[in-house]
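Numbering of residues begins at 1 and proceeds along the displayed sequence. Everything numeric in this text was worked out from a predicted model, so none of it was measured.
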Amino acid sequence: MERRSIGAGALAVGAVGLGCMPMSWAYAPSRRRGDESLAAVHTALDLGCTLLDTADVYGPFTNELLLGRVLRERRAEAFVSAKVGLRAGEQHVVACGRPEYLRRACDASLRRLRTDVIDLYQLHRVDPEVPVEETWGAMAELVGAGKVRALGFCALGAGAGPGAGRRGDPAYGAVLRHLDRVQQVFPVSAVQAELSVWSQEALRRLLPWCAARGVGFLAAMPLGSGFLTGTLTPGQGFEWEDVRARHPRFTAEAMATNQVLVAGLRRVARRHGPRVTAAQVALAWVLAQGPQVVPVPGADRADWAAENAQAAGVRLTAADLAEIAALPAAVGAWD
């Protein structure tokens, strides 16, 4: 598989990563199977998807424990991307950026992951009670201690959430201000944010910020939380614990209207051969947004991990990209 570099340190990873969150958190709890998830991780590594994206809050903790079972045998083949800065409560999560907490959390993650170093340690959320420079400085100390190789900034939910674009603050305005501040403390190697055919806010300001500074971009939810695969049907319903049950793009009405996006991806896919899928075209579109962009699709089954990995071989033409650009905006947007 093609390799892409993350950050000025030229940390090389496979062009397509593996998002591990669905294995333990947020989606369809009744479908979680530990053995299937382990097979998905092994398949991803076999096919060159070296970046494994996790967080201590996923589970919480169980996702890191699961990955630790694979890393015990295959650590040299994997690029471990972990997150810190969110603590799980009974019914909610809360940001915590206190230095003493970050140090404890890092040590705990290292134990669960069965490794002595995390390749990319991302700040999951900014704690409004702690200056971001203080939080980032504590994370930089972990690099100095040899426990972490590089630092990343997670901007999930920050660009298209409620309030984005209001009061004269364009999408990702606050994120960019935080990035400028932490960049003065220690280099940012990667930024993670949502980017897909149906969620393109990051293209306007966030991705250009990364490109201008040699910062890698991890594209989260590049398959639109499963919608762009074409396997979800309007009105199918979701389990109560599944985050999509409360997402405005996953109402029956919005899903029905947004089928035009899946149809467009399928049209492009047919031009590339009978085995190319809408999901692979969606990932190829993300890959085409820049050489520093690494899509991180979630998968908890080996066949899905394999399908995603093969998207790295799909090369979209200028006509393909123009056709996708002409598709209508998704209905049910956060903004």
Side-chain angles (χ1 to χ4, degrees), residues 1-19 44 47-54 78-83 118-124 136 139 143 148-156 158-160 171-173 175-197 199-223 280-298 308-316 318 320-321 324-325:
M1 180 182 288
E2 171 197 352
R3 306 277 282 181
R4 295 196 166 189
S5 296
I6 291 180
L11 303 172
V13 299
V16 176
L18 176 66
L47 295 175
C49 299
T50 57
L51 189 149
L52 307 178
D53 189 67
T54 185
F79 182 97
V80 179
S81 169
K83 304 183 196 73
I118 294 169
D119 296 304
L120 179 68
Y121 207 33
Q122 300 182 68
L123 178 59
H124 212 157
W136 199 253
M139 295 176 67
V143 178
V148 172
R149 294 178 66 197
L151 300 184
F153 193 97
C154 190
L156 290 173
Y172 291 113
V175 170
L176 291 168
R177 288 192 292 275
H178 282 135
L179 285 170
D180 286 336
R181 288 166 60 183
V182 300
Q183 188 80 326
Q184 302 303 313
V185 177
F186 191 87
V188 178
S189 289
V191 173
Q192 181 168 148
E194 183 174 2
L195 177 61
S196 70
V197 168
S199 186
Q200 301 184 28
E201 293 86 354
L203 295 180
R204 299 169 194 161
R205 299 177 70 206
L206 191 55
L207 189 53
W209 187 95
C210 294
R213 294 162 178 79
V215 173
F217 186 91
L218 306 187
M221 293 175 276
L223 295 175
Q280 290 170 336
V281 171
L283 292 175
W285 179 88
V286 174
L287 286 165
Q289 302 312 307
Q292 80 280 27
V293 178
V294 177
V296 189
N308 294 341
Q310 290 156 6
V314 177
R315 297 290 185 266
L316 299 181
D320 294 332
L321 294 170
I324 294 171

Interatomic distance, CD@Gln192 vs CG@Asp53, rounded to 0.5 Å, equals 4.5 Å
Just by distance, do the side chain of Lys83 and the backbone of Thr54 share a donor-acceptor pair under 3.5 Å? yes
Between the OG atom in Ser81 and the CZ atom in Arg149, the distance rounded to the nearest 0.5 Å is 12.0 Å
- Note, Val13 side chain near Leu11 side chain (heavy atom, < 4.5 Å): no
To the nearest 0.5 Å, atom CG of Leu151 lies from atom CZ of Phe186 at 5.0 Å
In short, Leu218 meets Ala190 closest at the heavy-atom pair CG-CB, 4.4 Å
CZ (Arg204) and OH (Tyr172) are apart, to the nearest 0.5 Å, by 9.5 Å
Sorted by chain and number, sequence neighbours left out, side-chain contact (heavy atoms from CB on, under 4.5 Å) with Leu47 holds for Thr43, Ala306, Ala309
From the list Ile118, Leu120, Leu52, side-chain contact (heavy atoms from CB on, under 4.5 Å) partner of Phe79 resolves to Leu120
In sequence, state the C-alpha distance, the side-chain angles, and the governing distance for Leu207 and Gln292, and then conclude on side-chain contact (heavy atoms from CB on, under 4.5 Å). CA-CA 9 Å; Leu207 189 53; Gln292 80 280 27; 3.6 Å; yes
- Please lay out, stage by stage, how Val175 and Arg205 fare under the test side-chain contact (heavy atoms from CB on, under 4.5 Å). CA-CA 10 Å; Val175 170; Arg205 299 177 70 206; over 6 Å; no
task: Check whether any side-chain heavy atom of Leu287 lies under 4.5 Å from a side-chain heavy atom of Val293, and answer yes or no.
output: no
Requested in this report: Please tell me if the side chains of Ile324 and Val281 come closer than 4.5 Å, counting only heavy atoms from C-beta onward.
Outcome: yes
Closest heavy-atom pair, Gly48 versus Met1, reported as atoms and distance to 0.1 Å, is O-SD, 3.6 Å
For Ser189 and Ala150, the nearest pair of non-hydrogen atoms, with its separation, is OG-CB, 3.4 Å
| task | Verify, without hydrogens or angle tests, whether Arg4 (side chain) and Gly216 (backbone) share a donor-acceptor contact under 3.5 angstrom. | result | no
With sequence neighbours left out, the residues meeting side-chain hydrogen bond (donor to acceptor under 3.5 Å, both in side chains) with Gln183 are none
Between Gly14 and Val294, the two heavy atoms sitting closest are O-CG1, 3.8 Å
Problem set entry | Side-chain heavy-atom pair Leu195, Trp285 within 4.5 angstrom cut-off | yes
Asp119 versus Ile6: any side-chain heavy-atom pair under 4.5 Å?
-> no
Tell me, do Pro297 and Leu283 make a side-chain contact under 4.5 Å, heavy atoms counted? yes
Margin query: Counting C-beta onward and ignoring hydrogens, is there a side-chain heavy-atom pair between Val188 and Arg213 closer than 4.5 Å?
Written below: no
Check: Taking C-beta and beyond as the side chain, do Leu223 and Asn308 meet within less than 4.5 Å on heavy atoms?
Finding: yes
Taken in chain and number order and not counting sequence neighbours, the residues that satisfy salt bridge (charged side-chain N to carboxylate O under 4.0 Å, His left out) with Asp320 are Arg271
Heavy atoms of Gln122 and Met139 approach each other most closely as C-CE, 3.8 Å
Minimal heavy-atom distance between Ala202 and Phe217, with the atoms involved, is CB-CZ, 3.8 Å
d(Phe153 CZ, Leu206 CG) to nearest 0.5 Å is 9.5 Å
